[in-house]
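All values reported here derive from a predicted model rather than from experimental measurement. Chain identifiers are assigned alphabetically (A, B, ...) following the order of the sequence lines, protein sequences preceding nucleic acid strands; residue numbering begins at 1 within each chain.
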Protein chains: 2
Amino acid sequence: MGDGALPLKKVKPNAEKRQADEPWKAFQVRHRSMEVKRDAVMKTAAHLFLEHGYQKTSMSLLAARLKVTKPALYYYFRNKEEILVECYRSGIAEIEGSLGRLNPDAGSAMARLKIYVHEYATVVLTHEFGRCVAMIDDSELSAQTRRGVRNLKRKIDASVRSLVADGMLDGSIAMCNPKLVSFAIAGAINWAGTWYKPSGELSSGQIAQAFTDILTGGLRPKSSKTRKRTIPS
Amino acid sequence: MGDGALPLKKVKPNAEKRQADEPWKAFQVRHRSMEVKRDAVMKTAAHLFLEHGYQKTSMSLLAARLKVTKPALYYYFRNKEEILVECYRSGIAEIEGSLGRLNPDAGSAMARLKIYVHEYATVVLTHEFGRCVAMIDDSELSAQTRRGVRNLKRKIDASVRSLVADGMLDGSIAMCNPKLVSFAIAGAINWAGTWYKPSGELSSGQIAQAFTDILTGGLRPKSSKTRKRTIPS
DNA sequence: ATCCTATTCTACCGGCCGTTCAAATAGATA
DNA sequence: TATCTATTTGAACGGCCGGTAGAATAGGAT
């Protein structure tokens, strides 16, 4: 945390790595690609948004954290809202990635659902932009921007629902309302984002596993063709 | 709706009932018990908080909805925060009521847990103050007030955990981490508060039932009925 | 050394916020 | 009717916000 004066003009070779932990260093050098600095802004903003909430995070504070002045931010983003939207986009892309990686040919739908729930929890607990998707209410956004973001979220929801529906067809998941199942999963995990602390006694992996069990355990068919040695009632 | 000029000075006999739907009528008459007007403020505030968020709900807007001017509110509450805190208190009391009504002598812990989950969902979906507890982030509060509110919430959480622990003892609930179960339940249901619309296709009762099934289904012991055995070493 | 332009800064705007206080008012009381 | 007090109001406060205009500057290119 020692923020001693650094009169450096040239970046050191390991600056790229440093930037991961101290995003403001991206601004130490004047000429650097737009993308790098946008990333630095987003990353810092995400942390502040998650810590204090979107509304209570002022552009001045964000600028201060990046060791720049406020107007500099407006060189990289049109306004505060755009920063949040980009955080959302990034987080949603991450989650969609998890969904896309599920191989439809491998295992039952239930097996795939379990993998997804586990991955979703991991992203929401450990990935800053994933956390934004889970925790920051999109009602902070203007009407039309919100519509865009919600469409993206809806796509994820739709994928999960169809996963559940598939499971009901292949017998790996009990009869249920896929919409409500999808919401229950999203809710329980998103909520975990609000209380999980990396320094806490439970690791993100433990939480992801436990939630996978709790949330998919209730979906086991009570008796079905794909059972492996179930108890005769 | 039609807010025509109402030069009434006296309330009509059915005013008490009307006030339920139109809280501002509590302020139509100057001399009325403090409690009635405080309730009116809280009720209206809760609706606004839930609709626009706490931060974005201004005291001016709240006053306007109650057809009073801003300073009048400060006659009934010290500040904005106190209004939110009272909403919390009321909601938490409602939830604690549900927990208190569970008869420890009747049925298994699992049966009681199911009842509680159902009731919690109902409160969070239908009761305005319950919704506040579920939806409004208490980080909006000042540090010391927040501590008080969190203590109250923790009591609820502790009750649910011990309910789950009881279930593991009486064999009605499978081995699990009570803390995570409690969080999963709270999360899934609190989240429902964010998307549930009374006018939607799903009734609060349907949602409460489905969530009870999904969330407690995964807790069924995998083998055997009620066995009084403790943890098999 | 000079220029050029991408980047950052200084200084400021209008607006809304929560809150306060003294003055006005309504309505119960006598 | 006149009085007294619980309620309500008008007017204003300091403060911080998101955002902008335009000047300053750094640093690569020549």
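Residue A/Y75 places at least one side-chain N or O under 4.0 Å from the OP1 or OP2 atom of C/dT7. Note on A/K70: every side-chain N or O is 4.0 Å or more away from OP1 and OP2 of D/dT20. Contact annotation: B/Y74 does not reach the phosphate of D/dT8 (side-chain N/O to OP1 or OP2, under 4.0 Å).
As rounded to whole Å, 16 Å separates atom P of D/dC17 from atom CD of A/E140. Note: OH (A/Y54) to P (D/dC17) measures 14 Å, nearest angstrom. Rounded to an integer number of Å, the gap from A/Y76 OH to C/dA6 P is 12 Å. One interatomic measurement links the two molecules: NZ of A/K80 to C1' of D/dC16, which rounds to 12 Å at whole-angstrom precision.
Across all strands, A/S58 comes closer than 4.0 Å only to sugar-phosphate atoms, never to a base (heavy-atom distances). Looking at heavy-atom distances under 4.0 Å, A/K56 makes no contact with the nucleic acid at all. Across all strands shown, A/F77 has no heavy atoms under 4.0 Å from either base or sugar-phosphate atoms.
When the nearest nucleotides of DNA chain D are assigned to A/T57 and B/V68 by heavy-atom distance, the more 5′-ward of the two goes with B/V68.
Distance check, rounded to the nearest 0.5 Å: CD of A/E51 to CG of A/L61 gives 9.0 Å.
Under the 30°/60° scheme for interplanar angles, the aromatic rings of B/Y76 and B/F27 are found to stand perpendicular.
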A/I156 vs A/K153, test: side-chain contact (heavy atoms from CB on, under 4.5 Å). Steps then yes/no. CA-CA 5 Å; A/I156 293 175; A/K153 288 188 182 176; 5.7 Å; no

Kindly indicate, with the supporting measurements, whether the criterion side chain to side chain donor-acceptor pair (under 3.5 Å) is fulfilled by B/Y120 and B/N190. CA-CA 9 Å; B/Y120 182 71; B/N190 289 350; 2.6 Å; yes

